[in-house]
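A short worksheet on the structure shown next.
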Amino acid sequence: MKLINDERGQLHTIEGLAAAVLMIATIFFVTQGVMVITPQTELSLDVQLKQLGSDALTVLDADDPLDGILLKKYVAAWNGTEANITHPVPNSTDVNSHQFGSDGMNDLNHSLYLLLNQTQRDVLYNVDFVYQNGSSSSSNNDLNTSHVIMKGFPPDNSIAVSRLVTLHRGDNIVSPQLNTVEDLDLKVVEVRLILWWV
Amino acid sequence: MLKDERGQMSIDFLAGLSLFMLALLFLAQFIPGMFVPFQSETIDLSSVSYRTSVILVEDPGWWDNGTCNNTDWENHVENISRIGLAADREHPNLLDKNKINAFNNSIDDENLTQKLGLYRNISGNEIKYGYNISIEDNGTIVVARGDPIPEYGDVSSMKRIVWMQTGSVAVMGTGSGPLEGHSTSTKALIYINATDILEGILDDGIFIAITNFNITNPAKSTYKGIKLGNEVHEPGGSGTGYMLKPGGTGDFNDDGGYVSLLNYTSGTYDLGNQEQPLKTDLDIKNGNDTLEISLAKSVFDNQSSKLKIDGSMDIYIELQFDGGIEVEASDSDPPGTPVTSILVAAYKPTGLIVKVWQ
């Protein structure tokens, strides 16, 4: 009886208990804020797609002994027709090449399809040309983006790769949007390839 | 003794102390366990496959024997520093044929693993990755090194789009100058030197492409452009077609010694018929047309006919056109355009796949 009701001799125990609770609570609060490292598997899919897009543009930008630089020819031969959802692949870049042949309509699409089709998964892509509005001497220097191939609206997991193409007057530029080059000037066009897995 | 309270710790103090020590020991055991996932040996296989693909596709490689060094490691297999398949530094994604052959045949597995870095060091031991590196052309695998891909477990894969060199093509018409010929003839002449034949220029066959024709006189009658032979002529005569003349002096007033390369009769090619030159009804319509001549190695290996080439003689290829062709009189001896001066590498797009597993 006397032992339970006796309040003496408890302080050290309570102190030990409080210290233990304090230590455990500290660790608990610290570990709450630590981020758990997620495996990198989602990012590796992006790397593969981005590398494929970059490789496709690099391959088209190489100087073939018979065809020349195909990417430059596609940009120069573009007739200015823009693509939209109802006309995803308009008849706008007709360039016959030794490597890829010609389908007589949109050979940029034809070559990209043959190159990107080497993957086992399905890939959809859009191609945009980004260029300066007007010639370099005019005061209107806004950047214009023209859709050349538009196979869909890019979803959240899409990636974009770019390649710069330089044209001058001797390259026989067809489209009125790009054919603003005065005699010795250069026209720089960014070919943007937007890719996504389907 | 029992009533003496000196030299004793209170039970209260002991109880508090033991509670505290229990909590402390628990934490000392728990916290290091929390850090184990961060220090473990989990490898990111995808970074290994990516880096291997970059080394192969974008780096030309390097060899060094202490006194000299260069990027043609395929000729110095015993002194390789790095392996790479790119033709040169300025042209990534272009794979050189000699390097692909050396990669496929000249390096053993141990050397390949070391030079590509396909291993990791765990406390002094080398644990090698399993790998499979292949080049795929439209679904068919043309080059493969490594082990078969396991059916289970983590395998990371990286695919690159590359130009793979398939051989060489002699290109005329894009900056190489006009066709040349003998001074009095109107036949274009291309020749292959005997020394080059001995060095293996015919090993992959010869592929010739002539483009950028400047058409001034479209041929008469029903054809709209220059017609390349559709009549049977005597060998060496004034006719049209492709004719191959092994040996000889390149003097095309010499009627003898021509061996026709192929005889085309209703869809089939026949070798070694000496009477009839190649009949074609090719029509070159505009300047963008390309005339392609493809001579496979099997043509030159034909033991039974005069076409067997052993490198003791030069080879001349003569081209004649129905509407005539203007050639520049060749001032070199032997006359004609040497094939080696217009040879460039021919490429086709393929995929290079690197797969790595534990």
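Treat the numbers as computed from the prediction; the structure is a model and nothing was measured. For the numbers below, each heavy atom of this structure counts, side chains included, while hydrogens, waters and symmetry mates do not. Protein chains get the first letters and strands the later ones, always in sequence-line order, with residue 1 at the start of each.
Contacts between A/Leu17 and chain B at a heavy-atom distance below 4.5 Å involve backbone atoms as well as side-chain atoms. For chain A, the nearby part of B/Tyr50 is the side chain; its heavy atoms alone come within less than 4.5 Å. Heavy atoms of B/Glu58 lying under 4.5 Å from chain A belong exclusively to its side chain. Within the 4.5 angstrom heavy-atom criterion, no atom of B/Ile11 approaches chain A.
At a cut-off of 3.5 Å, with distance as the only test, a side-chain donor of A/Thr13 or B/Asp12 sits close to an acceptor on the other residue.
The candidate with the highest count of non-hydrogen atom pairs below 4.5 Å against chain B, out of A/Asp64, A/Ile24, A/Asp55, is A/Asp55. Between chain B and the options A/Leu11, A/Val21, A/Asp61, the largest number of non-hydrogen pairs under 4.5 Å is found for A/Leu11.
Between B/Leu17 and A/His12 the shortest side-chain heavy-atom distance does not fall below 4.5 Å. Looking only at side-chain heavy atoms (C-beta outward), A/Asp63 and B/His91 stay at 4.5 Å or farther from each other.
Using a distance-only test at 3.5 Å, with no hydrogens or angles considered, no donor-acceptor pair links the side chain of A/Gln51 to the main chain of B/Arg160.
Contact detail for B/Phe20 and A/Ala20: the closest heavy-atom pair is CD1-N, 4.3 Å. Closest approach of A/Ile27 to B/Phe30, counting heavy atoms only: CG2-CE2, 4.0 Å.
Distance check, rounded to the nearest 0.5 Å: CD of A/Gln48 to OG of B/Ser49 gives 8.5 Å.
Remark: of the listed residues A/Leu57, A/Thr58, A/Leu115, A/Leu115 is the sole one forming a side chain to side chain contact (heavy atoms under 4.5 Å, CB included) with B/Ile161.
Within 6.0 Å of CG in A/Asn79 there are more than 12 heavy atoms belonging to other residues, nucleotides or ligands.
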